[in-house]
Amino acid sequence: MDGQLYEFHFAPLQGYSDYIFRNAFIKYFGGIDVYYTPFIRMERGGFRRRDLRDIDPGLNKGIELVPQILPGSHDEFCRLAEMLYEKGYRRADVNMGCPFPLIAGKRKGAGMLPYPRLVEEMLRAVKEFPAIRFSLKMRLGWEDDQECLALVDIINDFSLDHVTLHARTGKQQYKGPVHPDAFAAFYESVKHPLFYNGDVLTLDCINRILKMFPALKGIALGRGLLANPWLAVQFKQQEINVQKNSKAVLAAFHQELFAAYADILQGEMQLLNKMQSLWEYFLPATDRKLLKMIKKSNRISQYAEAVKLIFG
């Protein structure tokens, strides 16, 4: 648009965008400039094994990967940042946007947004790690979409690579309308490069957002890429029909995920639950009866039969 190069980032999706998904996505679709891990947090004073595995450089070769951290305090921020630095990472994203009540209730993620002093204290750790480029992902607020404006001066005071703003409150989670007016107020006030996030599902939607907010650095896509994996490519080519044999490509992508998860998950039910969860957002135009077959499958054989009917 007007010659400007916008970046497209794959927003972290808890339960979806792990290293297996990222590797398969790059192989079959691409179009993404930066990928983020689902959030990494402290648990019982240490790090979760699955989080450490997900950021293993050997499992993320050729991926422009930014680990996302979920600190609730200055101390947790420092411990998470130190761990990433030791593993060779020089970029990290700070999660102040997770809307899940169990997280937010601990004043983490979007639950931190009503507490400016807590935000400032936590972000002070940014200055203690000058070798790491930090970015920030947040929402408009927890309950009030003006809470982000009470934080903008604090955010502007820290050296951040960029900010990604989901145009909903935390209380909304992923439902209800986005708030473009509240987003616009933050857009006009923040000094850092800004990415838009929230209900970006079509090429027309991307073009409309960038027309409204032309100074954006880019768009962070999440569920929209599960529903339409070619969405970023469509923008870059300004063409909806960018892929021939799309059904065959989608089938191969699905099969690669299935085989990779089968190698690491224990038992039929773990694999079945993992694959069924994919279809919460994957290919929403699929016939509803077939999606119902997917969700009601209680054996891998039943699931495989439903998938065969979908892809032919």
Side-chain angles (χ1 to χ4, degrees), residues 8 10-32 35 38 166 168 172-178 197-209 219-265 268-312:
F8 284 81
F10 201 141
L13 293 169
Q14 203 70 19
Y16 296 95
S17 55
D18 58 19
Y19 73 93
I20 287 176
F21 188 96
R22 293 190 295 266
N23 278 284
F25 191 93
I26 287 175
K27 178 178 177 179
Y28 290 99
F29 308 112
I32 298 298
Y35 293 78
H166 184 121
R168 283 192 180 91
Q172 287 182 274
Q173 296 198 31
Y174 297 96
K175 299 177 182 178
V178 293
N197 179 237
D199 266 13
V200 186
L201 304 175
T202 65
L203 175 59
D204 285 345
C205 184
I206 293 173
N207 287 330
R208 183 171 65 253
I209 289 166
I219 304 279
L221 300 167
R223 293 173 299 149
L225 285 173
L226 292 182
N228 174 10
W230 286 289
L231 186 54
V233 178
Q234 287 175 350
F235 174 82
K236 290 180 177 182
Q237 298 184 15
Q238 284 297 302
E239 172 59 55
I240 293 177
N241 299 312
V242 296
Q243 178 62 48
K244 296 179 180 178
N245 303 318
S246 59
K247 183 173 283 191
V249 174
L250 291 165
F253 170 69
H254 174 275
Q255 182 56 36
E256 185 144 330
L257 291 181
F258 185 93
Y261 287 128
D263 281 343
I264 66 167
L265 296 177
E268 185 174 40
M269 288 311 300
Q270 276 197 19
L271 177 58
L272 186 59
N273 290 338
K274 183 68 175 178
M275 296 308 299
Q276 284 173 323
S277 69
L278 175 70
W279 293 90
E280 291 294 323
Y281 301 113
F282 188 50
L283 307 184
T286 302
D287 183 274
R288 292 178 65 182
K289 291 182 179 179
L290 295 179
L291 287 176
K292 192 173 182 180
M293 285 179 64
I294 290 278
K295 293 176 182 178
K296 289 200 166 187
S297 298
N298 53 31
R299 299 294 300 273
I300 286 295
S301 58
Q302 294 173 326
Y303 175 85
E305 181 60 30
V307 170
K308 185 178 179 181
L309 290 172
I310 290 171
F311 290 123

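This chain uses plain numbering: 1 for the first residue, then up along the sequence. Not measured: the values here are computed from a predicted model.
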Counting neighbours of NZ on Lys296 that are heavy atoms of other residues, nucleotides or ligands and sit closer than 6.0 Å, is the number greater than 12? no
Rounded to the nearest 0.5 Å, what separates atom CZ in Phe258 from atom CE in Met275? 6.5 Å
Is there a side chain to side chain contact (heavy atoms under 4.5 Å, CB included) between Trp279 and Ile310? Walk through the geometry before answering. CA-CA 12 Å; Trp279 293 90; Ile310 290 171; 3.8 Å; yes
Tightest non-hydrogen contact, residues Thr286 and Leu283, listed as OG1-O, 2.7 Å
Nearest 0.5 Å, please: how far is CD1 in Ile300 from CG in Leu271? 4.0 Å
Would you compute the distance between atom CD of Gln255 and atom CG of Leu257 and round it to the nearest 0.5 angstrom? 9.5 Å
Nearest heavy-atom contact between Val249 and Trp230 is CG1-CZ2, 3.8 Å
Do side-chain atoms of Arg22 reach the backbone of Tyr35 as a donor and acceptor pair under 3.5 angstrom? no
Any side-chain heavy atom of Leu231 within less than 4.5 Å of one from Phe29? no
I want to check something: taking the side chain as every heavy atom from C-beta on, are Ile294 and Tyr303 in contact at a cut-off of under 4.5 Å? yes
Can you name the closest pair of heavy atoms from Ala260 and Ile20 and give their distance? CB-CG2, 3.5 Å
Do the ring planes of His254 and Phe311 sit parallel (below 30°), tilted (30 to 60°) or perpendicular (above 60°)? tilted
Quick one: closest heavy-atom pair of Ile32 and Phe8, and the distance? CG2-O, 3.5 Å
Name of the residue among Val200, Asp204, Ile206 meeting side-chain contact (heavy atoms from CB on, under 4.5 Å) with Thr202: Asp204
For the pair Glu280 (side chain) and Ser277 (backbone), establish whether a donor and an acceptor sit closer than 3.5 Å, ignoring hydrogens and angles. no
Within the structure provided, determine whether Pro229 and Leu250 are in side-chain contact (heavy-atom separation under 4.5 Å). yes
Can any side-chain N or O of Asn228 pair as donor or acceptor with the backbone N or O of Gly224 at less than 3.5 Å? no
To the nearest 0.5 Å, atom OH of Tyr174 lies from atom NE2 of His166 at 7.0 Å
Using 30° and 60° as the class limits, which term best fits the ring planes of Phe21 and Phe25: parallel, tilted or perpendicular? parallel
Aromatic plane relationship, Phe253 with Tyr28 - under 30° parallel, 30 to 60° tilted, over 60° perpendicular: perpendicular
Any donor-acceptor pair under 3.5 Å linking the side chain of Lys274 with the backbone of Tyr261? no
Heavy-atom pair with the smallest gap, counting every atom of Asn197 and Ala11: ND2-CB, 4.2 Å
Counting distance only, does the side-chain N/O of Gln302 pair as donor-acceptor with the main-chain N or O of Asn298 below 3.5 Å? yes
Between the side chain of Arg223 and the main-chain N/O of Tyr281, is any donor-acceptor distance below 3.5 Å? no
Any donor and acceptor pair, going by atom type alone, linking the side chain of Gln276 with main-chain N or O of Ser297 inside 3.5 Å? yes
Separation of Phe235 CZ from Leu203 CG (nearest 0.5 Å): 8.0 Å
Non-hydrogen atoms of Arg299 and Glu268 that approach each other most closely: NE-OE1, 3.1 Å
Just wondering, do Arg168 and Pro177 contact through their side chains at under 4.5 Å, heavy atoms? no
Strictly below 4.0 Å, N to O, side chains only: are Lys292 and Asp287 in salt-bridge contact? no
